[in-house]
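First the structure, in the form of structure tokens, and then the observations on it.
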Protein chains: 2
Amino acid sequence: MPQPETNASAGEAAVSPWDGAADRIRAGGLRWTPQRRTLVEVLREREGHVTATELIARCRERDQTTTPSTVYRTLDLLEDLGLVKHGHGHDGREEYHILPQQVHGHLYCVGCGMTWEIRPETAAVIVDALASQLGFDVDLSHVTISGRCAGCHG
Amino acid sequence: MPQPETNASAGEAAVSPWDGAADRIRAGGLRWTPQRRTLVEVLREREGHVTATELIARCRERDQTTTPSTVYRTLDLLEDLGLVKHGHGHDGREEYHILPQQVHGHLYCVGCGMTWEIRPETAAVIVDALASQLGFDVDLSHVTISGRCAGCHG
DNA sequence: GTGTCAGCCGCAACTCGTTGCAATAGCAAA
DNA sequence: TTTGCTATTGCAACGAGTTGCGGCTGACAC
């Protein structure tokens, strides 16, 4: 009988980048452990950004024995594979971008506490300015820039 | 005989913004304590940026009993007075700008680990882009933007 | 000089994140 | 299925930063 769930190695392209994670990890001589599986399951249910603290909490819901150090180490590994990318919120805390695609940045309003995205077009203006004037190739997504939104200033 | 060291209250303008710190603190109903004096002494000997950890260490050199919580609380107070301004390094750690004057930002090169300043003119391009496109009034000095310098990419 | 009172200090405990180390357990080969 | 190598885990300890609380003390009034 046909198996309901085989994974990416069966010829066709993977449905999600997460499907290939286990194989990619093993391909590097690394190991696919229950702890890593749990974290990947948690991540594939989310989009956008998550704090490390939240990820640890969600892993704990599934597996009480989850320890922070394992989660942080696994996140480093997933970052090497390009599946997540770490950054820092306005207060310097860790934040992970899940499946980072487009170049974008984040703005935090110190007035209302909301977070806004810098769209790729706007990000390009900033990246170009620093490239042409200083020769610097910046990664806008690594930090959250603070300021005041239109509704909170003036 | 003329006194060699009187302070700002003697009619003429203060030589340094630090000279008025004690009076400004007291004027707000707050207190000028030995711990605050020590931190101000440490700060007035430095320029540019310092990490909180370094400030704590330097205060400890003068007064073994200095505790971190007092230093952090005093830094918050000095920030309210505009004498320092906190930000975050590339790794999210606290960094204090001493006597912040010009609008400038910081770049960190993930290749060589060096830190560079974004000059006011370049900063203006970025601030203007976000103001005109998103109505956001950003504070570039709050975080350190990561990237690769001219020598480390390409 | 003395008293009063609220602001401040130091402590202890906590959160977030990192690291060294001994023990466990993937996974591939036999 | 068993063996053996080593990547990975969990622990414990640490560094950075924050917070609540009881006691101390600066600053003002008398």
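In this text the structure is predicted, and so the values were computed from the model without any measurement. Lettering of chains follows the sequences in order, A, B, ..., and the numbering in each one begins at 1.
- Distance, B:Arg60 CZ to D:dA16 P: 11 Å, rounded to whole Å.
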For nucleotides 18-24 of chain D, list the nitrogen or oxygen atoms of the protein found under 3.5 Å from its nitrogen or oxygen atoms, one pair per line.
unit_1	atom_1	unit_2	atom_2	d
D:dG20	O6	B:Arg73	NH1	3.4

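- Look at CD1 on B:Ile56: it is 14 Å from P on C:dC9, rounded to the nearest Å.
- One interatomic measurement links the two molecules: CD of B:Glu54 to C1' of D:dG17, which rounds to 17 Å at whole-angstrom precision.
- When heavy atoms are screened at a 4.0 angstrom cut-off, A:Gly92 is found touching no nucleic acid atom at all.
- In this structure, B:Glu41 and B:Arg37 have side chains that are in contact, with non-hydrogen atoms separated by less than 4.5 Å.
- Here the closest non-hydrogen pair linking B:Leu107 and B:Thr144 is C-CG2, 4.1 Å.
- A 4.5 Å side-chain heavy-atom check between B:Ser141 and B:Pro100 finds every atom pair outside the cut-off.
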Polar-atom pairs under 3.5 Å, protein N or O versus N or O of nucleotides 27-30 of chain C: list them with distances, or write none.
unit_1	atom_1	unit_2	atom_2	d
C:dC27	OP1	A:Trp32	N	2.6

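- One interatomic measurement links the two molecules: CG of A:Leu77 to C1' of C:dT18, which rounds to 17 Å at whole-angstrom precision.
- Atoms CG (A:Leu75) and P (C:dG17) sit 10 Å apart, rounded to a whole Å.
- Between the P atom of D:dA7 and the CG atom of A:Asp80 lies a distance of 15 Å, rounded to the nearest Å.
- When all heavy atoms of A:Arg60 and A:Pro68 are compared, the closest pair comes out as NH2-CD, 4.4 Å.
- Open room surrounds CZ on B:Arg119; 12 or fewer heavy atoms of other groups in view lie less than 6.0 Å from it.
- The shortest heavy-atom contact between B:Thr122 and A:Leu130 is CG2-CD2, 3.8 Å.
- The interatomic distance linking B:Asp91 (CG) with C:dT18 (C1') rounds to 12 Å, in whole Å.
- Taking 4.0 angstrom as the limit, A:Gln35 places a side-chain polar atom (N or O) nearer than this to OP1 or OP2 of D:dG10.
- Within the 4.0 Å cut-off from OP1 or OP2 of C:dG17, at least one side-chain nitrogen or oxygen of A:Thr53 is found.
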Please step through ring pair (Phe, Tyr, Trp, His ring centres under 6.0 Å) for the pair A:His97 and A:His86, ending with a clear verdict. CA-CA 6 Å; A:His97 301 226; A:His86 91 279; 9.0 Å; no

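- Across the protein-nucleic acid pair, A:Glu79 atom CD and C:dG17 atom P stand 14 Å apart, rounded to whole Å.
- Between B:His88 and B:Arg93 there is no side-chain heavy-atom pair separated by less than 4.5 Å.
- Across B:Trp116 and A:Phe136, no two heavy atoms sit closer than the pair CD1-CE1, 3.5 Å.
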